[in-house]
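Structure record follows, encoded as structure tokens.
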Number of protein chains: 2
Amino acid sequence: MKPDSNPDVMTIRQMCDAFDVTPRTLRFYEAKELLSPIREGTRRLFTRRDRARLALILRGKRFGFSLEDIRQTLDLYDRDGGQTAQRQKAYELAMKRLTEMEAQRAELDLAIAELKTELAEAEARGLVSRHAA
Amino acid sequence: MKPDSNPDVMTIRQMCDAFDVTPRTLRFYEAKELLSPIREGTRRLFTRRDRARLALILRGKRFGFSLEDIRQTLDLYDRDGGQTAQRQKAYELAMKRLTEMEAQRAELDLAIAELKTELAEAEARGLVSRHAA
DNA sequence: AGACAGGTTGACGTTAACGTCAGCGTAACG
DNA sequence: CGTTACGCTGACGTTAACGTCAACCTGTCT
């Protein structure tokens, strides 16, 4: 019987298709303790928790955070386990990340505005056409 | 006589102090054609143009862009030189970057909102204190 | 039984973005 | 004129984040 009868867990290939990553990447993330799929014999089965974490990981990457940065922040989203002291640390770390992200947002807004200005000027100088080949 | 008598150019060390990077980094960026300081004999002298570009480079990095991505976009800010065809390409590339950045901002907003929610819930669950050690 | 699809574990290769170190040049200072 | 500061050029080392490949197991289909 196939193991994917359970809709709550996914095989490595299903994960790859769903998130557009390679098996190597998922195993790598597991080795780095970003994911912790359960084992059915030797095979990995990824739970909802793994999927949620992977989504957060990929997002974090798009924002330029390192896997190590991400790993540490990730624990906040784990409402269940963890000692109080650990949770407190995760919380504070997440606060720090929040501050960073808000700063990044501010700078991003600025950069976008500047780039728009630059594009408008280039246009005004008549050296480019809005839509070409 | 010291070369830094000219306020328009800076030595490598002045650049390092101003932008908090190492000499190695500046030479590396030059090798990758992101910067093109003039030479006084063997020594590098960085112009206003180099400084402007470096600022953009460092910003781009904070947004998670690769040096290669940055290098290509950078040319848009070079109002002077360049063939028309080249400028047109740079323009279109910059448009693409703009779209990317706006998408990134949207996702960033979402992520910030989610993280805030998560923090609020953690607080509500009473497992953490807003400000600890 | 044979073959095939899908998964697993090492182990080594690769790319980006620098760090580090040796060896050399040179300019200004005491 | 020696040395101290600053800079330069290779050239090799390093870290992160995977890619690639070989060798192996295992369930399923024919």
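Naming convention: chains lettered A, B, ... in sequence-line order (proteins, then strands); numbering from 1 in each chain.
Taking side-chain N and O atoms only, A:Thr25 has no distance below 4.0 Å to OP1 or OP2 of D:dA17. Distances shown here put every side-chain N or O of A:Thr22 at or beyond 4.0 Å from the OP1 or OP2 atom of D:dC18. Residue A:Tyr29 places at least one side-chain N or O under 4.0 Å from the OP1 or OP2 atom of D:dC18.
Residues in residues 9-25 of chain B take part in no salt bridge (Lys or Arg N to Asp or Glu O under 4.0 Å) pair, two or more places apart or across chains. Applying the salt bridge (Lys or Arg N to Asp or Glu O under 4.0 Å) definition to pairs two or more places apart or across chains, those involving residues 100-109 of chain B are A:Arg59-B:Glu107, A:Arg62-B:Glu107, A:Arg105-B:Asp109, A:Asp109-B:Arg105, A:Lys116-B:Glu102, B:Arg97-B:Glu100.
Under the rule for a salt bridge (Lys or Arg N to Asp or Glu O under 4.0 Å), the partners of B:Glu121 that lie at least two apart in sequence or sit in another chain are A:Arg79. Qualifying side-chain contact (heavy atoms from CB on, under 4.5 Å) partners for A:Ser66, counting only residues two or more places apart in sequence or in other chains: A:Glu68, A:Asp69. In this structure, A:Asp75 has no side chain to side chain donor-acceptor pair (under 3.5 Å) partners at least two apart in sequence or on a different chain.
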(request) Report, as a single string ordered 5' to 3', how protein heavy atoms within less than 4.0 Å touch nucleotides 8-16 of chain C: B base, S sugar-phosphate only, - not at all. (result) BB-------
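Remark: the A:Thr11 side chain and the A:Arg44 side chain contain no N/O donor-acceptor pair separated by less than 3.5 Å.
Regarding B:Leu26, its CG atom lies at a distance of 16 Å from the C1' atom of D:dT9, rounded to whole Å.
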